[in-house]
Amino acid sequence: MTPVDYDSLPFPRTDLALSAMRHARDIEPPAIFNHSMRSYLYGRFLGEEQGRRPDVDYDDELLFLGCVLHDAGLGDQGDSEHPFDIDGADLAARFLTDPGMADERVEIVWDAIALHLHPDIALRKRPEIALVSAGSGFDLGPHGGHTLPTGYADRIHAVLPRLHAAAALYDTIVGQALAKPHKAPPFTMPGELLRQHTGQDWPTWRQLMTQPPSWGDYDGYQPRT
């Protein structure tokens with residue numbers, strides 16, 4: 001599939017945006033790539049609902065870069081030693097730094113990707129970061145009382161079919177975590193998906209605090225109740 005196939009949808013057409021799109025398409029499974037592309041369209045829509053205009057109230061290229069690369073850590077090239085959101089942010093930063101993108105712009109994209117699983121934080125940040133989190137979440141569950149224009153989702157899905165996106169994401173995240181459990185620490189989203197898959201129990205707070213090495217904060221401690 002070539003960039004011209006997306007002409008019916010309002011993607012940015014800068015050289016860097018097109019290069020990032022090709023890069024994501026090359027390193028990600030089709031279901032995850034399509035999810036990433038749709039995340040931009042939904043993020044842009046949610047921004048418009050808030051009265052935010054592309055390239056007036058936020059940098060449209062940065063929003064697209066954050067969206068199209070936000071799951072880069074789920075491809076083989078991005079599967080390193082950290083949770084997939086951090087691996088993806090690191091891979092995106094390397095990709096954007098190589099052609100000479102300014103450090104401050106790279107940092108915005110890194111933050112958008114690293115925070116996309118944490119909407120409570122991302123939504124308090126600048127629009128490019130907030131809308132990556134909002135758009136990627138909306139593509140997986142169109143909640144929040146937002147009403148899409150008639151036929152909008154149909155047009156998007158005709159070009160970017162869903163390909164069982166939520167199921168594909170689950171299987172990919174869990175597959176990485178099974179191979180490298182340290183990529184899914186307890187109480188994170190990858191960790192929770194791994195727990196659901198394996199049925200393992202989370203350690204309690206006290207167990208975490210008393211496993212060696214420990215400062216011994218519970219030694220001789222008497223609970224208040």
Side-chain angles (χ1 to χ4, degrees), residues 20-43 46 63-96 109-123 125 128-144 153 156-157 160-203 208:
M21 183 191 70
R22 296 186 192 100
H23 180 61
R25 188 181 56 204
D26 288 345
I27 66 173
E28 295 175 357
I32 294 177
F33 171 71
N34 284 5
H35 159 67
S36 299
M37 294 283 280
R38 292 193 304 267
S39 294
Y40 164 79
L41 297 169
Y42 290 130
L46 293 171
L63 174 60
F64 179 76
L65 294 173
C67 286
V68 78
L69 297 172
H70 84 272
D71 278 337
L74 293 176
D76 290 341
Q77 186 174 331
D79 184 6
S80 186
E81 300 304 317
H82 303 284
F84 80 90
D85 46 340
I86 304 302
D87 279 343
D90 288 345
L91 180 61
R94 292 194 298 272
F95 172 79
L96 297 172
V109 176
W110 192 97
D111 285 350
I113 296 172
L115 291 174
H116 83 271
L117 298 181
H118 306 280
D120 50 335
I121 300 173
L123 294 179
K125 305 289 281 185
E128 297 88 350
I129 296 172
L131 295 177
V132 169
S133 181
S136 59
F138 191 86
D139 183 59
L140 296 178
H143 307 303
I156 292 174
H157 292 153
L160 297 161
R162 297 203 61 83
L163 305 177
H164 309 286
L169 283 165
Y170 175 91
D171 286 346
T172 305
I173 295 167
V174 169
Q176 285 191 352
L178 289 171
K180 300 177 181 178
H182 58 275
K183 290 174 64 73
F187 310 113
T188 65
M189 189 273 267
E192 171 59 17
L193 297 190
L194 179 63
R195 186 198 66 78
Q196 293 176 15
H197 182 80
T198 63
Q200 69 188 34
D201 292 328
W202 285 132
L208 287 173

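Sequence positions, counted from 1, serve as the residue numbers for this chain.
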Passing candidate, side chain to side chain donor-acceptor pair (under 3.5 Å) with Asp87, options His82, Gln176, Lys183, Gln77: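 Only one option passes, and that is Lys183.
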Side chains of [X] and [Y]: closer than 4.5 Å at any heavy-atom pair?
X      : Y      : result
Pro161 : Asn34  : yes
Leu169 : Phe84  : no
Ile173 : Met189 : yes
Phe138 : Arg38  : no
Leu178 : Leu194 : yes
Arg25  : Met37  : no
Val68  : Tyr40  : no
Tyr42  : Ile156 : yes

Greater than 12 external heavy atoms within 6.0 Å of Asp120's CG: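 More than 12 heavy atoms, drawn from other residues, nucleotides or ligands, come within 6.0 Å of this atom.
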More than 12 heavy atoms from other groups under 6.0 Å of NE2 on His164: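 It does not: His164 NE2 has 12 such atoms or fewer within range.
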Ser136 (side chain) donor-acceptor with Val132 (main chain) under 3.5 angstrom: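 Confirmed, Ser136 side chain pairs with Val132 backbone.
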Asp85 versus Ala114, closest heavy-atom pair with distance: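 Between these two residues, the closest heavy atoms are OD2-O, 3.6 Å.
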His23 and Phe95 aromatic ring geometry - parallel, tilted or perpendicular at 30°/60° bounds: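 The arrangement is parallel - the two ring planes meet at less than 30°.
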Trace of the side-chain contact (heavy atoms from CB on, under 4.5 Å) decision for His116 with Asp71: CA-CA 10 Å; His116 83 271; Asp71 278 337; 3.7 Å; yes
